Amino acid sequence: MKNHKLFSVGRYDLDEDLYFEPTTHLWVSRQADGRVQCGFDPLGAETSGDIVAVSFEAVGSVVGRGASLGHLEAAKFVGPVLAPVSGKIVAHNDVVLANPTEINRAPLERWLVELEPIDLEAELERLIHGREQVVSWFAAEIERFESKGMVAE
Amino acid sequence: MAGIPDPKPTLRVLDAGTVSALRSQCLWHGIASAMSPGDAPVLSFCRPAEPYVSIGFHRAIEEIDRKACRRLGLPILRRQIGGGPVYIDRDQLFFQITVPVDSAPARVDRLYRDYLSPAVRAFRRLGVDARLRGSNDIAVGNRRLSGTGAGRIGDAVTVVGNVIFRFEHRVMIEILALPSEAMRRECCRLMRTHVSTLGAEGADRTTFARAREELTRAYGEALGSVVQTESATEAEERAIAGWEETLSTSSWLWGPRSGRWFGPRGGRQVKICAGVWVFAAHRGDLGVQMSVVDGRLERVWIHGAELNGEAERLGGALEGALAEPAAVEKRLAPFCETGRRLAELVAPGLTLH
């Protein structure tokens with residue numbers, strides 16, 4: 001079982017090992033075999049609403065950073081899940097396909113897809129990583145979301 | 001330049017009029033695809049020339065009775081927004097408000113509140129006591145008046161709705177694949193009670209033109225914009241044509257999740273409107289069908305070969321119960337093992353999926 005290095009910002013738990021995409025609120029986790037997994041951070045999951053369905057591009061598809069990895073649905077809204085890094089999709093998480101509400105319940109534990117990255121080192125530089133940087137960014141995001149009424153205060 | 005106020009923003013209004021079934025879906029997919037950051041919002045309208053069935057992006061095609069659709073001559077089109085299968089015909093005016101993603105709220109309930117409130121205002125000006133019910137139903141009391149949905153397509157977010165002048169409840173039910181005629185009858189009963197129309201709500205003299213006019217006025221006011229009636233641009237026409245190709249393919253129609261039943265496991269659930277649904281399930285010799293209306297089990301039918309005349313008592317015990325596992329278990333506790341099995345069977349249908 002993975003040893004999470006968790007810390008909190010406000011009422012949200014985050015993981016020190018993760019890299020965060022600042023606009024789409026997705027996280028990227030480096031795996032020992034060179035692949036990466038990605039999922040929603042707690043703000044991304046919360047603002048999505050109660051997720052009732054999720055679908056992904058086929059295994060083997062190659063997606064660029066910012067392109068659609070798939071779609072999720074909440075309250076009859078369908079939106080794309082935008083790839084935080086580019087790569088080839090090598091696996092879907094069957095747990096979230098079968099129980100999409102798991103994304104809302106445990107966003108850091110529920111990866112969506114696994115990618116074989118194409119240009120990882122360069123693209124990770126565009127993500128936010130390290131406790132100090134993440135705390136600063138995430139606290140500002142909480143404030144921004146609260147000021148717009150996008151999350152409960 | 002100092003002293004000269006910024007010009008008021010523009011709301012482009014595109015009225016496509018009466019169009020083919022395919023174009024009535026692709027119009028707003030294309031408008032959204034062609035939208036870039038900073039573009040003016042677009043309010044679009046259309047009516048389908050012929051009836052058809054539309055199914056939400058993630059729903060299984062198996063939810064639709066395709067034989068019935070063939071018999072009735074109804075094409076099926078999958079849309080890139082959510083929700084279940086719906087029957088659509090020329091007695092419905094579609095409206096869509098499409099805005100750049102950066103100017104839309106990121107939170108779904110806020111998106112609906114901001115972009116459906118003008119439609120509610122328009123309904124009220126048409127003389128109907130409409131309100132937002134749940135996150136995204138436009139309703140009069142507990143009767144749905146407009147089906148809505150939303151999605152992000154490209155760099156735009158679109159919120160769609162319809163103004164239903166008349167509705168063929170019977171056809172809507174006929175196109176659904178359901179496990180029994182009893183469920184079909186119950187869905188039909190609830191749909192007649194909870195899915196309404198402008199005509200049924202006393203606004204039967206409203207014309208399509210008047211509805212368009214009030215929607216345009218309400219969205220113009222809400223966005224603080226100058227309304228500008230236009231035709232689709234070349235880029236929008238190209239995008240609409242591209243979507244017409246996509247929506248015509250069988251792979252698109254099949255959808256990303258076909259074969260994966262949407263909704264509770266071990267049962268069939270049909271949503272009628274916010275807070276109202278029918279659920280049916282069976283396991284072994286025990287079966288249940290129940291209607292949930294505003295948080296309570298309104299009607300319950302139980303069947304089972306070995307219930308020894310208890311089916312009616314079991315159903316009666318559940319009717320009126322809160323649609324919550326604890327309330328159901330309490331009502332069924334006197335029925336021992338049968339009650340426990342029934343509580344398990346009912347549980348997935350207590351929430352709307």
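From a predicted model like this one, the values you see are computed outputs, not experimental measurements. Per chain, numbering begins at 1; letters A, B, ... match sequence-line order. The analysis underlying the following values was restricted to heavy atoms, covering all of them including side chains, and did not include hydrogens, waters or symmetry mates.
Contact check for B:Phe57 versus A:Ser55: side-chain heavy atoms found under the 4.5 Å cut-off.
Within the model, atoms CD of B:Gln80 and CD of A:Glu73 stand 11.0 Å from one another, a figure rounded to the nearest 0.5 Å. Summarising the geometry, atom CG belonging to B:Asp109 is positioned 10.0 Å from atom OG1 belonging to A:Thr47; distances are rounded to the nearest 0.5 Å. To the nearest 0.5 Å, atoms CG (B:Leu111) and CZ (A:Phe77) are separated by 6.5 Å.
For B:Val157, the part lying near chain A is the side chain, with the backbone staying farther off; criterion is any non-hydrogen pair under 4.5 Å. Only the backbone of A:Ser48 comes within less than 4.5 Å of a heavy atom of chain B; no side-chain atom from C-beta onward does.
At most 12 non-hydrogen atoms from other residues, nucleotides or ligands lie less than 6.0 angstrom from CD of B:Glu245. Counting heavy atoms of neighbouring residues, nucleotides and ligands inside a 6.0 Å radius, atom CG of A:Asp119 exceeds 12 of them. Taking a 6.0 Å sphere around CD of A:Glu16, one finds it holds more than 12 heavy atoms contributed by other residues, nucleotides or ligands. Residue B:Lys271 qualifies as enclosed at atom NZ: its count of foreign heavy atoms under 6.0 Å is above 12. Shown here is A:Arg131, whose CZ atom has more than 12 heavy atoms of other residues, nucleotides or ligands within 6.0 Å.
Of all heavy-atom pairs spanning A:Ala74 and B:Val108, the tightest one is O-CG1, 3.9 Å. Between B:Arg152 and A:Pro80, the closest heavy-atom pair is CB-CD, 3.6 Å. Here the closest heavy-atom approach between residue A:Ala75 and residue B:Tyr112 is recorded as O-OH, 2.6 Å. Residues A:Val78 and B:Ile81 approach most closely at CG2-C, 3.4 Å, considering heavy atoms. Taking all atoms of both residues into account, the shortest heavy-atom contact from B:Asn136 to A:Lys76 is ND2-CD, 3.4 Å.
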